[in-house]
Amino acid sequence: MNKRSVVAGNWKMNLNSLEANDLVQDLLSLKHHSARVILGVPYVYISSLARLTNGTNIEIAAQNCHHKEKGAYTGEISVNMLKSIGTDYVILGHSERREYFGEDEALILEKMQMAHQAGLKVIYCCGEPLSVREAGEQNDYVEQQLRNSLLKLDKEQMQNTIIAYEPIWAIGTGKTASADQAQDMHKHIRQLVNNQFSAEMAEETSILYGGSVKPANANELFAKADVDGGLVGGASLKAELFGPIIEAIIE
Ligand code: 13P
């Protein structure tokens with residue numbers, strides 16, 4: 001484990017309130033206190049889970065935020081609301097938000113800037129669809145995503161951003177990128193951060209892999225030099241699966 005190491009869960013639209021509470025209690029009892037853990041939870045649980053995890057190694061992330069500061073946007077949640085209830089991070093750029101809610105790089109950039117302005121940290125997701133991977137164009141594709149959003153951040157914003165590489169074809173499919181495929185892309189992304197910001201920034205930025213991370217593949221993935229941890233969907237919903245993934249980052 002190095003200082004970039006993080007294991008993040010993304011619960012997506014799962015778990016009721018009781019289940020959410022039980023899961024966090026179970027995770028707190030695992031005693032992996034040296035690992036940095038972030039849980040991306042539904043908005044409605046943030047307040048209580050932020051209180052429950054206060055002073056522990058677990059930080060709480062929202063899974064979205066609105067790009068405007070406030071106003072007549074019925075049903076939306078602002079960054080200041082999130083900040084005021086103890087949210088640490090917000091996950092932005094997830095491929096499900098891009099696909100089902102039409103979020104593009106320009107909107108993602110607006111959301112990132114709004115989040116940073118409120119003092120929230122960001123987990124920025126990128127990743128290519130299967131057709132791009134099959135054409136061997138994944139590096140250019142992800143580079144373009146980053147150029148249109150992440151690489152436009154200023155230095156301080158970048159310091160408070162974690163990158164998650166999530167190839168779309170590996171999300172929820174049981175199909176994981178091989179550790180070498182993940183390493184190649186993470187190295188590419190770190191190089192882009194280096195070129196845009198500095199070697200120091202590249203050295204300090206956490207780059208997580210997401211897409212069917214399980215206890216069985218976490219060790220191999222996290223052993224790669226530029227894979228600093230995982231952004232875990234399905235396997236973050238059960239302590240008996242997420243626990244071993246946290247253990248894999250400590251080793
Ligand atoms: P799965 O781990 O279920 O493939 O989901 C990954 C993901 O989308 C995390 O954000």
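First listed ligand is number 1; within each ligand, the first listed atom is number 1. Predicted model, so just to flag it, every value in this text is computed and none were measured.
- Residues Trp11 and Gln63 are in side-chain contact: their nearest non-hydrogen atoms beyond the backbone lie under 4.5 Å apart.
- By the 30° and 60° cut-offs, the orientation of the rings of His186 relative to Tyr165 is perpendicular.
- Counting heavy-atom neighbours within 6.0 Å of Lys214 NZ, excluding the residue itself, gives a total above 12.
- The hydrophobic cluster containing Val24 also contains Ile246, counting ILVMFWY residues as joined when their side-chain heavy atoms lie under 4.5 angstrom apart, directly or transitively.
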Quick one: do Arg4 and Glu203 satisfy salt bridge (Lys or Arg N to Asp or Glu O under 4.0 Å)? Show the steps, please. CA-CA 9 Å; Arg4 296 198 305 243; Glu203 181 58 35; 3.6 Å; yes
What does the contact table look like for ligand 1 (nitrogen or oxygen on each side, cut-off under 3.5 Å)?
residue	atom	partner	partner atom	Å
ligand 1	2 (O)	Ser212	N	3.4
ligand 1	2 (O)	Gly233	N	2.9
ligand 1	3 (O)	Gly234	N	2.8
ligand 1	4 (O)	Gly172	N	2.6
ligand 1	4 (O)	Ser212	N	2.8
ligand 1	5 (O)	Lys12	NZ	3.3
ligand 1	8 (O)	Lys12	NZ	2.8
ligand 1	8 (O)	His94	NE2	2.8
ligand 1	10 (O)	Asn10	ND2	3.0
ligand 1	10 (O)	His94	NE2	2.9
ligand 1	10 (O)	Glu166	OE1	3.2
ligand 1	10 (O)	Glu166	OE2	2.9

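- Test His94, Arg98, Lys111 against Glu103 for side-chain hydrogen bond (donor to acceptor under 3.5 Å, both in side chains) and you get one pass: Lys111.
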